Amino acid sequence: MTGQIVTRFAPSPTGFLHIGGARTALFNWLYARGRGGKFLLRIEDTDRERSTPEATDAILRGMAWLGLDHDGEVISQFARADRHAEVANQMLAEGKAYKCFSTQDEIAAFREAARAEGRSTLFQSPWRDADPASYPDAPFVVRLKTETEGTTVIRDEVQGEVKIRNDQLDDMILLRSDGTPVYMLAVVVDDHDMGVTHVIRGDDHLNNAARQMGIYTAMGWDLPVYAHIPLIHGPDGKKLSKRHGALGVEEYQAMGYPAAGMRNYLARLGWSHGDDEFFTDAQAKEWFDTSGIGKSPARFDFKKLENLCGQHIAQTDDAALLHELKEFLKVSDRPDLSNHHETVMLRALYCLKERAKTFPELLEKAHFILADTPIQPDEKAAKALDTVSRGILSSLTPQLQNARWTRDELEEVTSRFAEAEGTKFGKLAGPLRAALAGRAVTPSVFDMMLVLGQDETLARLAQASASAEG
RNA sequence: GCAGCGUUCGUCUAGUGGUCAGGACACCGGCUUUUCACGCCGACGACACGGGUUCGACUCCCGUACGCUGUACCA
């Protein structure tokens, strides 16, 4: 026992990495990484019907995108079935569990009768204290002999002390009639064997915790520290589902949200550190603690996500941003950047990144370097390029020809020109924008000139002022 | 049905037995400005409801309403 913190994320591979699952993973990751601990990944694939390798891949991709690196190998729960059965059999041998021969029909009949009489529908097996001599030669399940009296107290870092009367707990099945272990057993055995010290998971498992504790005590194992976190709801407060839009984290990647912004947003959803809203990974690791986790469910808010993403994009250094942009291009099925475009993009990022909240927005602002030449103005830009404007542009061109290509000088030349024309720079900006980018919404005209360079700028001005009437 | 959990501005949240109940996002208005974005200033805006405990409750207790979760030989 080294005292090292060990957390884990244990999704079932039945689909993509759900947004709620991603947050659970993030919390576990933050908790471990901030304390020099280990963060383990286990795939709960004991449901053979629903588990697919594709889903496992999707989960791994989602984690990779979010930068949630795990320690050690990915554990397959299914592969450990023998070990789970071994533990069940040990409990059987020690009288902590028993064989139950009740058929599913019998159980259903029991429940129906119980409901009719208004009694608890929790199944009470007649085999619990049966004499082994009376055992029939028939299939059986192995059930845990749960305490029938008293209460189980879950000491939870988030929920506090949660008390559940033991008469609310049935004798849960450990081994199915085909001998395969059930999830409840597998989780406990795996967490114990993997040395998990802190179980941070959705509060849909809170009730399960009480039953799982029965296995810990039956085996005489130390309990992990529990932290059951509230689920994430949709913007309408209802359970998050498909109609709320994107559920899988990969969809968020494809929509162009940067991973750092996503991490920041997800961390802040249901957890807080005073009034801090925008923070780095390093700060999150340092600050994250279960004491900052709230007890009520949070709703997903795209606006806030976007806001945070904008701040992260603006703060990311150019090389890293370019790298992430290229990844985005790939996953969103957009064409990759040519070498030339990549070079120019890197040069332009300084003026692009402070105006974009997502990668599609950034690309939109980068239209002036990505568009084919000659520039084809869109409708609004075309309006800015009327006869008068083109005349102005052609008289401005010679001035720029002789200018040194620095921001100060460009500003000076254009403002002097505007003054000589008896107008304001504002009147020049529209036509310039249209000529250089073919759009009405762009970065600053000076930034564009600087990024494009003198030759390209002059070429575009010439094209625009010479373009045919109408 | 039974059990568990929850409820502070529209949203995320801070917060204390005595606060002008704070911040952020969104929204609205204004400033700045070459468009967009940023930035700045301002406005709007909340303790679910009802009892109790207390000199005093958003804060503690009980109940109600609403919501969520569980109640499987699913995970």
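Note: hydrogens, waters and symmetry copies are ignored here, and every other heavy atom, side chains too, is used. The structure presented is a predicted model; accordingly, all values stated were derived computationally and were not measured. In what follows, every chain begins at residue 1, and chains take the letters A, B, ... in the order their sequences are listed.
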Side chain of [X] - closest among [options]:
X        : options             : value
A/Ile164 : B/A75, B/G4, B/U35  : B/G4
A/Val441 : B/G23, B/A75, B/C36 : B/C36
A/Leu231 : B/C73, B/G6, B/U69  : B/U69
A/His233 : B/C74, B/A14, B/G67 : B/G67
A/Thr442 : B/C73, B/C74, B/U35 : B/U35
A/Glu277 : B/U7, B/C12, B/A75  : B/C12
A/Lys295 : B/U35, B/C5, B/A24  : B/C5
A/Leu206 : B/U11, B/U71, B/C5  : B/C5
A/Glu44  : B/A24, B/U13, B/A75 : B/A75
A/Ser444 : B/A75, B/C73, B/U35 : B/U35

How is [X] classified with respect to the nucleic acid when contacts are heavy atoms under 4.0 Å: base, sugar-phosphate, or nothing?
X        : answer
A/Pro11  : nothing
A/Phe446 : base
A/Val162 : sugar-phosphate

Take atom [atom1] in [N] and the same atom in [M], then report the distance between them in whole Å.
N     : M     : atom1 : value
B/G15 : B/U33 : C1'   : 39 Å
B/G45 : B/G51 : C1'   : 29 Å
B/C27 : B/A37 : P     : 10 Å
B/A75 : B/C66 : C1'   : 29 Å
B/C61 : B/U54 : C1'   : 12 Å
B/A21 : B/C47 : C1'   : 8 Å
B/C58 : B/A48 : P     : 10 Å
B/G23 : B/C9  : P     : 16 Å

[X] vs [Y] side-chain heavy atoms within contact, under 4.5 Å:
X        : Y        : value
A/Leu305 : A/Phe300 : yes
A/Leu325 : A/Leu321 : no
A/Lys304 : A/Tyr265 : yes
A/Arg439 : A/Lys365 : no

To the nearest Å, how far apart are [X] [atom1] and [N] [atom2]?
X        : N     : atom1 : atom2 : result
A/Arg201 : B/U69 : CZ    : C1'   : 13 Å
A/Asp203 : B/C5  : CG    : P     : 11 Å
A/Leu169 : B/A72 : CG    : P     : 11 Å
A/Asp447 : B/U35 : CG    : P     : 14 Å
A/Arg143 : B/A72 : CZ    : P     : 10 Å

**Study point:** Below 4.0 Å: OP1/OP2 of B/A14 and any side-chain N or O of A/Ser272
**Key:**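 Yes, such a contact exists.
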
Any side-chain donor near an acceptor of the partner, [X] and [Y], under 3.5 Å:
X        : Y        : answer
A/Tyr183 : A/Asp47  : no
A/Asp105 : A/Thr103 : no
A/Asp171 : A/Tyr98  : yes
A/Ser291 : A/Asp289 : yes

Report each atom pair, protein N/O against N/O of nucleotides 26-32 of chain B, whose distance is under 3.5 angstrom.
none

Review point. Which atom pair, heavy atoms only, marks the closest approach of A/Asn166 to A/Glu149?
Key: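 Reported closest heavy-atom pair: OD1-O, 2.8 Å.
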
Under a 3.5 Å limit for both distances, which nucleotide forms a Watson-Crick or G-U wobble pair with [N], could you say?
N     : result
B/C28 : B/G42
B/U33 : none
B/G4  : B/C68
B/G50 : B/C62
B/A75 : none

Would you list the protein and nucleotides 39-41 of chain B atom pairs, both N or O, that sit under 3.5 Å from each other?
none

Exercise for review: Would you please indicate yes or no on a ring centroid separation below 6.0 angstrom for A/Trp271 and A/Phe288?
Suggested key: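 Yes, close enough.
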
Point to revise | Strand contacts (RNA chain B) in residues 419-427 of chain A, 4.0 angstrom heavy-atom criterion | key: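 The stretch gives A/Phe425, A/Gly426 as the residues lying under 4.0 Å from the strand, ordered by number.
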
**Study point:** The single option from A/Leu206, A/Ile200, A/Asp156, A/Asp203 passing side-chain contact (heavy atoms from CB on, under 4.5 Å) against A/Ile229
**Key:**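 Single side-chain contact (heavy atoms from CB on, under 4.5 Å) partner of A/Ile229 among A/Leu206, A/Ile200, A/Asp156, A/Asp203: A/Ile200.
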
Review point. Distance-only, no hydrogens or angles: does the A/Asn89 side chain make a donor-acceptor pair with backbone N or O of A/Leu92 under 3.5 Å?
Key: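 It does not hold such a pair.
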
Review point. So does A/Arg355 reach the base of B/C36 with its side chain, donor to acceptor, closer than 3.5 Å?
Key: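 Yes, the side chain and the base share a sub-3.5 Å donor-acceptor pair.
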
Practice item. Tell whether A/Asn207 reaches the base of B/G4 with its side chain through a donor-acceptor pair below 3.5 angstrom. Key: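 Checked by distance alone, the answer is no.
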
Check your understanding: Is the number of heavy atoms from other residues, nucleotides or ligands under 6.0 Å of A/Lys285 NZ greater than 12?
Key ->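 Check passes, neighbour count above 12.
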
Point to revise | Carboxylate-amine/guanidinium proximity below 4.0 Å for A/Arg165 and A/Asp167 | key: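 Judged by the 4.0 Å cut-off on N to carboxylate O distance, A/Arg165 and A/Asp167 do form a salt bridge.
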
**Study point:** Nearest-nucleotide comparison on RNA chain B, the residue closer to the 5′ end among A/Gly274 and A/Leu305
**Key:**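 Nearest-nucleotide comparison on RNA chain B picks A/Gly274.
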
